[in-house]
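A quick write-up on the structure given underneath.
Quick note on labels: first sequence line is chain A, next is B, and so on, each numbered from 1.
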Amino acid sequence: MPGSKPMNPAAKQDITLVIAGGGGAGALTAGELLLKAAARRGYFGLMTRAVGPQIRGGESAALLRISRAPVAAHRDMFDVLFAIDWTNYARFTGEIALAPGARVFAGADDMPQEVAAARPLPEHFDFRALLARDERPNMFTLGFLAALIGIEADIVAAVIAERFAHLGREVRARNIRAAATGAAQAARFDPLLRPPAARAPQERWLISGNQAAALGALAAGVRFAAAYPITPSSDLTEWLGPRIEALGGQLVQAEDELASINMLIGASFGGVPALSATSGPGLALMMEGIGLAVMTETPLVVIDVQRAGPSTGIPTRSEQTDLEIALYGLHGEAPHLVLAPMSVPDCLFTTAWAVELAERLQTPAIVLSEQRIGQMNMILDAPALPDMTAQRKLAQPAGDDPCLRYAATADHVAPMAIPGTAGGMHTPTGLEHDARGRPSSQPADHLAQLRRRQEKLAAFDYGDHWAHMEGEGAMALIGWGGAAAPVLEAARQCRAMGVEVRTIIPRLLAPAQPDRMAAALAGVERVLVVENSHSGQFLRYLRAHYDLPGEVRSLRHAGPAGIAAGEVRAAIADLLHIDDLKQPEAVS
Amino acid sequence: MPGSKPMNPAAKQDITLVIAGGGGAGALTAGELLLKAAARRGYFGLMTRAVGPQIRGGESAALLRISRAPVAAHRDMFDVLFAIDWTNYARFTGEIALAPGARVFAGADDMPQEVAAARPLPEHFDFRALLARDERPNMFTLGFLAALIGIEADIVAAVIAERFAHLGREVRARNIRAAATGAAQAARFDPLLRPPAARAPQERWLISGNQAAALGALAAGVRFAAAYPITPSSDLTEWLGPRIEALGGQLVQAEDELASINMLIGASFGGVPALSATSGPGLALMMEGIGLAVMTETPLVVIDVQRAGPSTGIPTRSEQTDLEIALYGLHGEAPHLVLAPMSVPDCLFTTAWAVELAERLQTPAIVLSEQRIGQMNMILDAPALPDMTAQRKLAQPAGDDPCLRYAATADHVAPMAIPGTAGGMHTPTGLEHDARGRPSSQPADHLAQLRRRQEKLAAFDYGDHWAHMEGEGAMALIGWGGAAAPVLEAARQCRAMGVEVRTIIPRLLAPAQPDRMAAALAGVERVLVVENSHSGQFLRYLRAHYDLPGEVRSLRHAGPAGIAAGEVRAAIADLLHIDDLKQPEAVS
Amino acid sequence: MTEIIKPADYKSDLKPVWCPGCGDFGVLAAVTRAFAALELEKHQTAVISGIGCSSRLPAYLDTYGYHGVHGRALPVATGLKLARPDLTVVVTGGDGDMYSIGAGHFIHACRRDVNMTLLVMDNRVYGMTKGQPSPTTGPEVTHPMSTADVRARPFNALATALVAGAGFVARGFSGDPDGLARIITEAIRHPGFAVVEILSPCVVYRPEQKQWKHQVRRDALIPAADLNAALELAMNGDEMATGILWREKRERQAPTPPTARTDVAAIAEAFRV
Amino acid sequence: MTEIIKPADYKSDLKPVWCPGCGDFGVLAAVTRAFAALELEKHQTAVISGIGCSSRLPAYLDTYGYHGVHGRALPVATGLKLARPDLTVVVTGGDGDMYSIGAGHFIHACRRDVNMTLLVMDNRVYGMTKGQPSPTTGPEVTHPMSTADVRARPFNALATALVAGAGFVARGFSGDPDGLARIITEAIRHPGFAVVEILSPCVVYRPEQKQWKHQVRRDALIPAADLNAALELAMNGDEMATGILWREKRERQAPTPPTARTDVAAIAEAFRV
Ligand SMILES: Cc1ncc(C[n+]2csc(CCOP(=O)(O)OP(=O)(O)O)c2C)c(N)n1
Ligand SMILES: Cc1ncc(C[n+]2csc(CCOP(=O)(O)OP(=O)(O)O)c2C)c(N)n1
Ligand code: SF4
Ligand code: SF4
Ligand SMILES: [Mg+2]
Ligand SMILES: [Mg+2]
């Protein structure tokens, strides 16, 4: 509705913004600095990025949400769009939805049709004319938007100065000038957000999911890593490199993923907790090695930052479609661990937990992260570092008895002698073997070891961390990973409207926890399964391992856009026949 | 019961024999020649082999069943054991069960404890003393057993002569002599089997599952193959090599499985139907390439001759535990075909069908065979060659329009231009793409292509071949692949005892056929799922894709011994509370 | 065809995703010039690649192409050429694609000597994944991706190709598209597996490579007299010298296309008892 | 330890699955002699392998071992040695394992130059899978596994190792366990990646290799003066000559074991706003 007043009752609490621009416009830099400035000002918030396939140039957009309260995901629609230019903006159709009456700031009035269709409030001003030739428009954008959400100039100047520290005084000053010009222009508009009373940053962190995962791994004791570059996991590995070294560990760039997984096996056999990060195509190449780790009971952790598939797919975009390869992609009977973090901060916990479980249970763990979480930057209350550390059951050989590396024990985990341990000599093998690890093709040995490898995982008590649960009621929402955020958000909205729902977000996907799931589902009459996949991999998984009571519905689609909380609410509305829940953007 | 009369009421119709011996004893050769001689005599029958990990030497056993009627699998127990020697016979414990009162022929009386425990009728005679120094005991064994089942000396002499044709007259004569000595000794015993009236061999074949699969592929038009050696698939490939060449095609020994799968892609992109054979570890390495074939819609067929896993596992032994990697082992949403032959002759049909479907639907097909079937040699009525041939929907470009390689069509299959087709130039890519095949990261293209790739498989009418079904009744047995034989045998035994059961053996595992399965299960109140796996991969698959009515039980175990028909009957007895069904070995 | 074939005829209508100034534009130009010089029929030509900036090249040509997965272009091309000996098959890729994840296939393709041409666009970096070192990166480059106390020696593509058995080995420069086109033309004419290592700057992650245009010594390589001489030059020679280093003299028959000598029914007869 | 260490002390109680007469028995003997000569502590020694008859060797030793999957022994060993520089790490495998499926890792291990020793038991055949040709099989051998019109040139392990950067390259013969033990001893002493190619007959699938004992020219290789000379010999030399072909002279510091300079809490501080 052109001309109507600001669009959203929540606008004073919480705002969503897009900064878009073509090659070299610097939209992402502007977004990152805006988020950092917002954090310093005392806001919560988050940012994700949408980029095209080009290495440099091409279209790109920073998607931000800035809020006075903690937030875990985007809202369904964006309130503000600042187009530094409109290059290839059309490619974001289907990915970026503008709220009706959204505010659009742009330099020229060639607004694309699909933007106009959202009936926004366009504000054209030729900001390039306001800038000196060497001043950068994205710094104008930063200053302008920062001012509109009440961030003071000193904060903006500080984040600019830090970011361009390596480029010299001149550049810094020029960028600060451009931001100031933006801030001055902002005075023409009503503020978009009322900032918190205090600048309260010290107990806050600004961190991405990939960084949090790497930090979790270090906290749990990982001191060896090997990886081969692949989007969107490389930033995790590159963050890890210098830090693991500073902790006395190492990162190797392997020649391929077959090498990296086998290097992990070597290091872990040597007693050093080991980790790799990859994405779908790399995981596919690691499966044979992961199976070897299952068979030889060698702990290790692989983080798969999922991207859209199949095959090379869409390397820069998110999806939840490596679930089945992670669960089932090993040949033979190969029980192992699969875990999934449900948010940026949960990457810290879940990765640390994965390391701890892998070490304790002597088996590989696959952590299914996804681009949506891994490359999301988030402001959050500083978490405690997980106090889990790798605890491997080590052998203390005594006397001349041969090492019983694969002996039957009460908890089915056999003590492991690592090289250097006198008297513990043995040779793990990918062949089936007896309790001493000697190759055996006898059915009895095979069955005994198959059973033990499965039982050690099945019998372990994983405690309450297996899933995150909220709420009560006869309607259950089940989601995982990046689909947790819209599920939880929709559930809260439902509750706010008086509709009871419960949410179950399994963090431990394998081994399945039938008893715990049955307890979690007690009294449930309707189930809604939510996932970012086309064929319903998560639904199939749930059906295979659990008894889902009553009416079961699936809400799913693949692709970069992900699942919106509004869609979840609409699906609940359908299931419960409550039309009220369908209104486009409920108060959050 | 020592001293009692021949052990089995079926013995005159059908006999099961083991020929065992240590390194160099030639047990397998004796078994192969005995089977061939039996075929010439007009018998049906089959043979499998159990061998240790040694390359040469080590323990080995030929397991035979010889019958007047067609047979598809072993019986649960063996009636006759001929031990050329007892070397490492103990390793077969748990794999070879002797029937109570089985006849054991052996050269010395150091019969192992576990054999004695079966209370057999041992017949010791020092046959080595009867042989000249250069005559081979396994030829004695051959002649002896052949005579006991009524095979005439001329047949035995002929098969020996053919087998040792390359070794010269001298060797052949010596072997024939040893066999004759055996035949003479046989006169001391009652005959074990009454031979058929006529020698009726001409319309019979003697063929292994691996050979049948390769033949099926050739019949369906495969003219390019690439593979890397791996047990137990190498004999398939090695049989294929000279034949595919004689048909104008080629086989390449690739440097690894990553190369072989990608060579298939190249050849198939070039328009030539292509196939590879491998086993679990090799399949694991092929998954990335298979995903590429899904994405680029390049037909190809991979036969996985399953062996016991995980990892290197037990390379020479059978198991049904690559089901999940075959179904789910690709990253991203990657719909493809998975088929499984249920018997030796069915390898011919199912492989040909897989080629036909892959070509028609432009997608990779995985054929899950298993060592039990692939390396089983069987006498059967000569089958007709499948009259399916690869039919690929080819593009006929006209005018200057760019090739719409991935266009929407009524059957969701887009015409494919192969190199050499004027006007059809395009570049398939593992990246997501638009209808022209140009890389695209747009959600709309992604969704359209995801949908088309799934729909072309889902919408196709696979007809009645999707499963083999027998019988009626409220009790359903569901099995697959090598578990089909004991399931079908048990079902027939139940029917013979007046108990109605129906059997469903899906041949097409992916895409799942929910409507057909629902129809097949209509009226069913109890389901027994049978598989040769430890964790129940097939059960999980069925639960994920189908609604199994009523009470569902799983009968499963992993490992070389496989599933016995008697176990299936016992499980049915439990489910139906009919104790009669439990008697050890029912009439077949 | 009687019309004159122009290099531009071989270009598709797809706009490259490459960064402005990327060396790969020059390689694309050289490839089209070579194709035009050879008057290749577009529909009888296939260009196969893996993954990387360089591996995007096939889609920019109006021939057949195949853009496979990372590191596996050579097996795809091998399968295609064996199945379809009538086609001209060219393979393109980067130093990561061919020398790191694809190193095994590189060696085996040289050994196998199937008649096709490999163009490696070597920028001594992983361009597409944003700057990690590749096997041809010198030990002077440090990167957060690798901290281990290992200083890998750069991969010597020319020497490795010679040792593995490639019959045609050359080096070109993307900044000299005409010279490069001549080399590619000869490589395609060579009746066996031909390797062309191409210096192709990554202006974004290795901006110092912009200087290559001043450092390259054009046509400094001429075919060596024997394999030992070629190998010695490859081991100790000037890394900035372009030209053809090695060209094995041989008469090679075009392999006879496979022909059928029997039919399936006849083969099946062997199973009769 | 003051007792005298005997080669037999390094043997485990497991009986080899090898065929009678297999060359690999000689390699096992040589390895135990070399270990004894070096007085290696059993629990400080790890022997890593892939899959193949030759790769069964580690289990026959009473040291630590790891019998991984086909072709990946070198990465396993690299991870182990980097994580545990205090261990002596030896890698064993066959010509299929190391030169076919493992060819890429072979090259990268030579480049990376991690301090460990590779023993390749080359019988020019895939023994374990019953006789298929390997990369070192000559073109004269035909086999039903490959009909394609390709005549691959045999893989030249010594030359490839030299070109890729290995600092120690030698050839031994299983039929001369003492000579082989001396070579292995030197290889383990070499402070970097050492490659020992071992002629080890497969008496079952290549019975003609039983003649190798008459053909091998023991100690005919002595370290070449420079890399070019070594390479020329590797390219054109006698394939039956044993000895050390190349030994790079260098002072190599034992890499300083990684030490921690900070703790995780301090690293996490960087995330504070
Ligand atoms: C199996 C797999 N691993 C990793 C990647 C990620 N990846 C894409 S391109 C590339 C390397 C590109 O380097 P190069 O081959 O030198 O090409 P350039 O971009 O420099 O031209 C990598 C590692 C992938 N796509 N697939
Ligand atoms: C991924 C994979 N592919 C194939 C195999 C089968 N395989 C086992 S050993 C072997 C080759 C053995 O040859 P080589 O390395 O020369 O060892 P040898 O037995 O001759 O000592 C092969 C192909 C396997 N185990 N794993
Ligand atoms: S990143 Fe480098 S190699 Fe890739 S397109 Fe840009 S300049 Fe070229
Ligand atoms: S097959 Fe050959 S290599 Fe293997 S154990 Fe026997 S002789 Fe040795
Ligand atoms: Mg590169
Ligand atoms: Mg070998």
Side-chain angles (χ1 to χ4, degrees), chain A residues 36 39-40 201-207 211 215 218-219 223-224 226 243 245-250 252 254-256 258-272 274 288-289 291-292 296 379 382 385 402 417 419-431 437-439, chain D residues 12-14 17 41-51 56 58-84 86-87 89 101 104-105 107-109 111-112 257-268 270-273:
Chain A
K36 192 165 190 186
R40 294 261 169 94
Q202 270 306 312
E203 66 284 12
R204 301 264 167 82
W205 281 12
L206 177 55
I207 191 168
Q211 290 166 339
L215 182 65
L218 293 177
R223 291 296 178 274
F224 183 88
R243 277 100 192 161
E245 194 194 13
L247 291 167
Q250 294 172 88
V252 194
E255 56 268 35
D256 57 25
L258 301 153
S260 54
I261 188 72
N262 281 284
M263 287 179 183
L264 259 54
I265 289 174
S268 178
F269 173 57
V272 178
E288 193 202 18
L292 174 62
T296 57
I379 303 163
L385 283 180
T421 310
M425 286 82 72
H426 69 284
T427 298
T429 170
L431 289 165
R438 293 175 302 193
Chain D
S12 76
D13 57 1
L14 199 60
V17 293
E41 292 209 87
K42 296 199 272 183
H43 65 278
Q44 283 292 117
T45 305
V47 184
I48 314 297
S49 68
I51 298 286
R56 292 286 195 135
Y60 308 140
L61 293 169
D62 189 29
T63 61
Y64 282 91
Y66 195 92
H67 181 226
V69 292
H70 190 40
R72 316 294 166 201
L74 283 168
V76 171
T78 302
L80 177 60
K81 179 69 187 180
L82 289 174
R84 293 288 308 277
D86 59 311
L87 302 174
V89 177
I101 191 169
H105 306 308
I107 291 200
H108 292 293
R111 293 184 51 233
R112 221 176 248 125
T259 49
R261 301 188 302 269
T262 182
D263 63 19
V264 180
I267 286 172
F271 294 115
R272 261 186 222 285
V273 166

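With A/M263 as reference, D/T78 is the one residue of D/V76, D/T78, D/L80, D/L74 to meet the side chain to side chain contact (heavy atoms under 4.5 Å, CB included) rule.
There is no contact between A/A226 and chain D, counting heavy-atom distances below 4.5 Å. Heavy atoms of D/T262 lying under 4.5 Å from chain A belong to its backbone as well as its side chain. Within the 4.5 angstrom heavy-atom criterion, no atom of A/A274 approaches chain D. Proximity to chain A is limited to the side chain of D/R56, based on heavy atoms less than 4.5 angstrom apart. For A/L218, the parts lying under 4.5 angstrom from a heavy atom of chain D are both the backbone and the side chain. Neither the backbone nor the side chain of A/P402 comes within contact range of chain D; no heavy atoms are under 4.5 Å apart. If you measure heavy-atom distances from D/A270 to chain A, you find no contacts under 4.5 Å at all. Residue contact with chain A, scored on non-hydrogen atoms closer than 4.5 Å, is absent for D/A77. Contact annotation for D/D13: only side-chain heavy atoms (C-beta onward) come within less than 4.5 Å of a heavy atom of chain A.
Listed options D/L14, D/I51, D/T63 were ranked by heavy-atom pairs under 4.5 angstrom with chain A; first place goes to D/T63. Counting heavy-atom pairs closer than 4.5 Å to chain D, the top residue among A/G420, A/G270, A/P439, A/A259 is A/G420. The choice from D/D263, D/V17, D/D62, D/V47 that makes the most heavy-atom pairs within less than 4.5 Å of chain A is D/D62. Among the candidates D/V69, D/V89, D/D86, the residue making the largest number of heavy-atom pairs closer than 4.5 Å to chain A is D/V69. Taking A/A422, A/G291, A/G289, A/G437 one by one and counting their heavy-atom pairs under 4.5 Å with chain D, the maximum is reached by A/A422. In terms of non-hydrogen atom pairs under 4.5 Å with chain A, the most contact-rich of D/L61, D/T259, D/T45 is D/T259.
Summarising the geometry, atom CG belonging to A/L206 is positioned 13.0 Å from atom CZ belonging to D/R272; distances are rounded to the nearest 0.5 Å. Taking CD of D/Q44 as the reference point, atom OG1 of A/T421 lies at 9.0 Å (rounded to 0.5 Å). A distance of 12.0 Å separates NE2 of D/H67 from OG1 of A/T296, quoted to the nearest 0.5 Å. Atoms CZ and CD, on D/R112 and A/E255 in that order, are 4.5 Å from each other to the nearest 0.5 Å.
Taking both residues in full, the closest heavy atoms of A/L385 and D/A268 are given as CD2-CB, 4.3 Å, listed atom of the first, atom of the second, then distance. The heavy-atom pair separating A/P419 from D/L87 by the smallest distance is CB-CD1, 3.6 Å. Taking all atoms of both residues into account, the shortest heavy-atom contact from A/W205 to D/V273 is C-CG2, 3.7 Å. Between D/V264 and A/R223, the shortest heavy-atom contact is CG2-NH2, 4.0 Å. Considering every non-hydrogen atom in both D/A83 and A/F224, the closest pair reads CB-CD1, 4.3 Å. Residue A/Q211 comes nearest to D/F271 through the heavy atom pair OE1-CE2, 3.3 Å, listed as atom of the first residue, atom of the second, then distance.
When the salt bridge (charged side-chain N to carboxylate O under 4.0 Å, His left out) test is applied to A/K36, the partners found at least two apart in sequence or on another chain are A/E162.
No donor-acceptor pair under 3.5 Å is formed between the side chain of D/R72 and the backbone N or O of A/N262.
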